[in-house]
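For reference, the structure discussed in these notes is given below.
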Amino acid sequence: MKKLEVFDPALCCSTGVCGTDVDQALVDFATDADWLKKQGANVRRFNLGQEPMEFVNNAKAKVFLETAGADALPLLLLDGEVVLTGRYPKRHELARWFGIRISDEKSVPSAGCCGNNKTCC
């Protein structure tokens, strides 16, 4: 299976989902990364604040940091190729990159208390 490497900006912990002022995008991505791992995907995250040598040792991450700077993170590499920078992907993007089908039920936005089922309310 493919390998996703996520080069995160300096975060307070490995996922950034800690402290009192948590960024919802980090919460969503942490959940989606766990989901992706449960599908059998190889996902590795590197935190600039805790693992700076991973950025130095990866040629693409090193050039990205030198060129765009830490403010342009995150950097996502899929099998060594840049697929996204500057934001975290949504679950449907992760699924597309890995060829995972998301069931129609989960991909339809909720519309009220019962989703799109108008008979239950």
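When the side chain to side chain contact (heavy atoms under 4.5 Å, CB included) test is applied to D79, the partners found at least two apart in sequence or on another chain are K2, K3. Legend: residues meeting side chain to side chain contact (heavy atoms under 4.5 Å, CB included) with A95, ordered by chain and number and at least two apart, are W35, I100, I102. Looking at residues two or more places apart in sequence or on another chain, you find a side chain to side chain contact (heavy atoms under 4.5 Å, CB included) between D32 and R91, L94. Every residue meeting the side chain to side chain donor-acceptor pair (under 3.5 Å) condition with R87, not counting sequence neighbours, appears here in chain and number order: E93.
Using a 4.5 Å cut-off between side-chain heavy atoms of Ile, Leu, Val, Met, Phe, Trp and Tyr, with links allowed through other members, L48 and L77 fall into the same hydrophobic cluster. Cluster membership check: V56 does not share its hydrophobic cluster with V6, using side-chain heavy-atom separations under 4.5 Å among Ile, Leu, Val, Met, Phe, Trp and Tyr. M1 and W97 end up in the same hydrophobic cluster when Ile, Leu, Val, Met, Phe, Trp and Tyr side chains are linked at under 4.5 Å. In the hydrophobic clustering of ILVMFWY residues, with side-chain heavy atoms under 4.5 Å counting as a link, V83 and F46 come out apart.
Between E81 and K60, at least one side-chain N (NZ, or NE/NH1/NH2) sits under 4.0 Å from a carboxylate O, which counts as a salt bridge.
Separating the CG atom in D8 from the CD atom in E54 is a distance of 12.0 Å, to the nearest 0.5 Å. Here NZ of K62 is found 13.0 Å from CZ of F7. Values are rounded to the nearest 0.5 Å. Rounding to the nearest 0.5 Å places CG of L36 at 4.5 Å from CZ of F98.
Closest approach of L75 to A61, counting heavy atoms only: CD2-CA, 3.6 Å. Among all heavy-atom pairs drawn from F55 and N47, the shortest one is CE1-C, 3.7 Å.
A donor-acceptor distance shorter than 3.5 angstrom exists from the side chain of N57 to the backbone of M53, with no hydrogens or angles considered.
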Distance-only donor-acceptor hits, side chain of residues 24-31, under 3.5 Å, sequence neighbours excluded:
from, atom 1, to, atom 2, distance (Å)
Q24, NE2, D28, OD1, 2.8
T31, OG1, V27, O, 3.0

Under 3.5 Å, side-chain donor or acceptor atoms of residues 63-74 against the rest of the protein: list the pairs with distances, not counting sequence neighbours.
from, atom 1, to, atom 2, distance (Å)
T67, OG1, V63, O, 2.8

